[in-house]
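First up is the structure itself, then whatever we jot down about it.
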Amino acid sequence: QVQLVESGGGLVQAGGSLRLSCVASGSILSINNMAWYRQAPGKQRELVALITRGRSTNYADSVKGRFTISRDSAKNTVYLQMNSLKPEDTAVYSCNADVIRRDTWKSLTYWGQGTQVTVSS
């Protein structure tokens with residue numbers, strides 16, 4: 001089995017910063033893409049940022065220049081540094097990883113349970 005566990009969410013004032021972490025554990029041979037998604041109340045889930053195994057990155061236009069995604073492959077961990085936060089960044093943030101399992105050598109996509117980020121104005 002593979003698990004993803006996020007941490008680092010919370011309540012912050014507009015203009016503040018938060019750093020999210022997501023650790024993958026279990027039967028992992030390697031991880032390809034890792035990503036952060038978010039879902040605000042009444043809205044569809046959206047991709048916030050993605051990082052490939054080779055550390056290429058993509059960002060949603062709404063977060064470019066404010067958020068930075070990074071990863072530590074040795075620790076199977078992905079981070080999201082969020083600066084200059086705005087009230088519209090309020091959402092549940094979930095991580096996602098394309099994992100090649102050690103036991104089956106098959107690639108599957110796994111999700112974390114999500115962490116709440118609330119930005120007050």
Side-chain angles (χ1 to χ4, degrees):
Q1 187 57 280
V2 173
Q3 289 186 322
L4 274 62
V5 178
E6 301 102 334
S7 61
L11 174 64
V12 64
Q13 288 188 330
S17 298
L18 283 174
R19 188 191 194 209
L20 305 183
S21 300
C22 172
V23 181
S25 63
S27 182
I28 299 171
L29 181 63
S30 64
I31 301 176
N32 291 325
N33 293 348
M34 303 185 83
W36 287 96
Y37 285 77
R38 68 185 181 187
Q39 186 167 22
K43 294 187 177 181
Q44 289 190 331
R45 185 170 59 194
E46 63 171 345
L47 175 65
V48 176
L50 178 146
I51 184 166
T52 68
R53 190 173 179 181
R55 290 175 169 74
S56 295
T57 58
N58 284 311
Y59 295 93
D61 288 342
S62 59
V63 307
K64 282 180 181 177
R66 300 187 298 123
F67 290 12
T68 302
I69 189 170
S70 61
R71 66 188 287 174
D72 184 335
S73 295
K75 296 180 179 180
N76 292 330
T77 300
V78 62
Y79 305 97
L80 186 68
Q81 177 66 43
M82 305 185 293
N83 298 328
S84 302
L85 282 161
K86 305 175 181 180
E88 51 263 44
D89 294 319
T90 296
V92 174
Y93 285 71
S94 300
C95 66
N96 160 299
D98 295 329
V99 174
I100 300 176
R101 291 180 59 123
R102 183 184 301 275
D103 52 355
T104 63
W105 286 33
K106 291 183 177 179
S107 178
L108 292 172
T109 299
Y110 292 89
W111 289 86
Q113 81 287 351
T115 185
Q116 177 70 45
V117 171
T118 302
V119 184
S120 63
S121 57

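FYI, the numbering just counts along the sequence from 1. Note that the structure is a prediction, hence the values are computed from the model and not measured.
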Run the salt bridge (Lys or Arg N to Asp or Glu O under 4.0 Å) test against Asp103 and tell me which residues pass, sequence neighbours left out.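 Residues passing salt bridge (Lys or Arg N to Asp or Glu O under 4.0 Å) with Asp103: Arg101.
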Can a donor-acceptor pair be found, under 3.5 Å and without considering hydrogens, that links the side chain of Thr90 to the backbone of Val119?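 Flag set: sc Thr90 to bb Val119 pair under 3.5 Å.
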Indicate yes or no for a side-chain donor-acceptor contact from Glu6 to the backbone of Cys95 under 3.5 Å, with no hydrogens or angles considered.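 Yes, the answer is positive, given that a donor and an acceptor are paired below the 3.5 Å cut-off.
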Scan the side chains in residues 60-71 for donor-acceptor partners under 3.5 Å anywhere in the protein, sequence neighbours excluded, and list what turns up.
unit_1 : atom_1 : unit_2 : atom_2 : d
Asp61  : OD1    : Lys64  : NZ     : 3.1
Ser62  : OG     : Arg38  : NH2    : 3.3
Arg66  : NH1    : Ser84  : O      : 3.0
Arg66  : NH1    : Asp89  : OD2    : 2.8
Arg66  : NH2    : Ser62  : O      : 2.8
Arg66  : NH2    : Asp89  : OD1    : 3.0
Arg66  : NH2    : Asp89  : OD2    : 3.4
Arg71  : NE     : Ser73  : OG     : 3.4
Arg71  : NH1    : Asn32  : O      : 2.7
Arg71  : NH1    : Thr52  : O      : 3.0
Arg71  : NH2    : Ile31  : O      : 3.1
Arg71  : NH2    : Asn32  : O      : 3.3

Nearest-0.5 Å distance that lies between atom OG in Ser27 and atom CD in Gln1: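 One finds 9.0 Å between OG of Ser27 and CD of Gln1.
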What distance do Ile100 atom CD1 and Lys106 atom NZ have between them, rounded to the nearest 0.5 Å?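 Nearest 0.5 Å value for the CD1-NZ distance: 13.0 Å.
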[Y] and [X], any side-chain heavy atoms less than 4.5 Å apart:
{"X": "Tyr37", "Y": "Asn96", "value": "yes"}
{"X": "Val99", "Y": "Leu108", "value": "no"}
{"X": "Leu50", "Y": "Thr57", "value": "no"}
{"X": "Asp72", "Y": "Tyr79", "value": "yes"}

Heavy-atom count around Glu46 CD within 6.0 Å, excluding the residue itself: above 12?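 Yes, the 6.0 Å shell around CD holds more than 12 heavy atoms from other groups.
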Stepwise side-chain contact (heavy atoms from CB on, under 4.5 Å) check, Tyr93 with Met82: CA-CA 12 Å; Tyr93 285 71; Met82 305 185 293; 3.9 Å; yes
Looking at [X] and [Y], what are the two nearest heavy atoms and their distance?
{"X": "Ser121", "Y": "Pro87", "answer": "CB-CG, 3.8 Å"}
{"X": "Ala24", "Y": "Leu4", "answer": "CB-CD1, 3.9 Å"}
{"X": "Ser17", "Y": "Gln81", "answer": "CB-NE2, 4.0 Å"}

Quick check: is [Y] connected to [X] through a chain of hydrophobic side chains (ILVMFWY, heavy atoms under 4.5 Å apart)?
{"X": "Leu80", "Y": "Val12", "value": "yes"}
{"X": "Val5", "Y": "Ile28", "value": "no"}
{"X": "Tyr110", "Y": "Leu20", "value": "yes"}

Between Ser107 and Asp98, is any side-chain donor less than 3.5 angstrom from a side-chain acceptor?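 No, because no side-chain N or O of Ser107 sits under 3.5 Å from a partner of the opposite role on Asp98.
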Check the pair Trp36, Val78 against side-chain contact (heavy atoms from CB on, under 4.5 Å), reporting the backbone distance first and the verdict last. CA-CA 9 Å; Trp36 287 96; Val78 62; 3.7 Å; yes
Do Ile51 and Met34 pass the side-chain contact (heavy atoms from CB on, under 4.5 Å) test, and can you show the C-alpha distance, the side-chain angles, and the key distance before you say yes or no? CA-CA 5 Å; Ile51 184 166; Met34 303 185 83; 4.1 Å; yes
List the steps, then state whether side-chain contact (heavy atoms from CB on, under 4.5 Å) holds for Gln13 with Leu85. CA-CA 8 Å; Gln13 288 188 330; Leu85 282 161; over 6 Å; no
